[in-house]
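Let me begin by presenting the structure, written as structure tokens, before commenting on it.
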Amino acid sequence: MTKLTNDIIYIGASDNDIDLFESQYPVPDGMAYNSYVIIDDKIAVMDTADRCVSDRWQTELMAALDGRQPDYLVVQHLEPDHSANIGWFTSQFPEAKIVLSSKAASMLPQFFRSVAFDNLMPVKEGDKLSLGKHGLTFLMAPMVHWPEVMVSYDAYAKCLFSADAFGKFGATSDEATDNYDWTEEARRYYYNICGKYGIQVQGLLKKAVALDIQAIYPLHGPVISENVKFCIDRYQSWSTYTPEAEGVLMAYASIHGNTKAFAEQAAEKLMAEGIKTKVIDLARTDVSYALSEAFDHRITILAASSYDAGVFPSMENFLLHLKSKNFNNRKFAVIENGSWAPTAARTMNAIIDTMKNIEIIAPTITVKTTPDAASLQQLDELIANIKSAL
Ligand code: FEO
């Protein structure tokens, strides 16, 4: 339990043993499930927490309440990593009202079939809830990251309870202070979880910029109080699919090492030309990291082996993930390898063709096992074209 202000208390908890968040994203630094209590004439609890930290969250809540009864539970997001304790809360505090969007009210019974909710208080865009000095204004944020999401602005504390937005992979310390290494894991979290919904995130940001926000209290990751403008600026970039990294990304998928060797040879030539080049091995890098890097770069070079008359699976998986997250407004270069009938480029291009606003930088290079003089000449042409495309 940590006091963030005189009357806003952090009661979140972290899981340091989790392997995969949402059963798909590696979180080597754990995961935080944040929750807050506002103590005023009326007491509001801001979301609950995941079942894996239920004991800790319940203990923290009781300590924060210190014998007082909460008046409201504000449910900003129904996904189980935040809603798992709503049933317990209702049984413990039957008089408290549950404040939530109309969409959340309609979905809530699906998550708690055996609980009777008699005190639901659905709210809509712009509705206000006075707690005393503090007052919450509710702003709907559909698809950031589920349809029922809303965020809450406290005009007295000048803080935004932002639900999943501005979250980050990784546990937080008990102090829940700002984390200056925010960007990398916040970007991986953003593009993997909300990347598909840039337009909806833009909608939320338009509302946010009209507010005086001195602190952001997300449902994951550290509270943001010293870097508010920096973090909002990152969300402006990310939600408009704007690349931020210098140079190019080389993403390769190699079976026996020949494609890897050509990719590394290309990367060395690029760097010799003064082009910063980040190289990743798709077979040995979780796709969530590769996806975040691709969104961060304007140009990604795809180098892949042919496989079963298609493309090596780690490349196919990478491209399909990009497509599913609405990857757009970028440039690719394509390198294929195939020892007898190369098929990787055709397969990669078929997926790329389904993405919006993508340019392919010529020439597409075909390597047969190891590069010959013709493929090396094509590589020089490609590097020249990449240089002028940057
Ligand atoms: Fe952290 Fe969309 O739940």
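These values consider heavy atoms only, across backbone and side chains, with no hydrogens, waters or symmetry-generated copies. If you read the sequence from its start, that first residue is 1, and numbering goes on from there. Counting convention: from 1, in listed order, for ligands and their atoms alike.
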### Task
Examine the side chains of Ser152 and Gln76 and answer whether a donor and an acceptor come within less than 3.5 Å of each other.
yes

### Query
Can you name the N, O or S atom of His220 that is closest to atom 1 (Fe) of ligand 1?
NE2

### Message
Quick check on atom 1 (Fe) of ligand 1: does His77 put an N/O/S atom closer than 2.8 Å to it?
### Response
no

### Message
Any donor-acceptor pair under 3.5 Å linking the side-chain atoms of Asn85 with those of Ser54?
### Response
yes

### Query
What's the atom name of the N, O or S in His145 nearest to atom 2 (Fe) of ligand 1?
ND1

### Task
Look at the N, O or S atoms of Glu79, main chain and side chain alike, and state whether any lies under 2.8 Å from atom 1 (Fe) of ligand 1.
no

### Query
Of all N, O or S atoms in Asp81, which has the smallest distance to atom 1 (Fe) of ligand 1?
OD2

### Task
May I ask you to check if Arg234 and Phe230 form a cation-pi contact, with NZ or CZ under 6.0 angstrom from the six-membered ring centre and within 45° of the axis?
yes

### Task
Answer with yes or no whether the side chains of Ser375 and Asp372 bring together a donor and an acceptor at under 3.5 Å.
yes

### Query
Any N/O/S atom of His82 sitting less than 2.8 Å from atom 1 (Fe) of ligand 1, backbone or side chain?
yes

### Heteroatom of Asp164 nearest to atom 2 (Fe) of ligand 1 (N, O or S, atom name)
OD2

### Task
State whether a side-chain donor-acceptor pair under 3.5 Å links His134 with Asp154.
yes

### Task
Test the Arg330-Tyr241 pair against the cation-pi criterion, namely NZ or CZ under 6.0 angstrom from the six-membered ring centroid and within 45° of the ring axis.
no

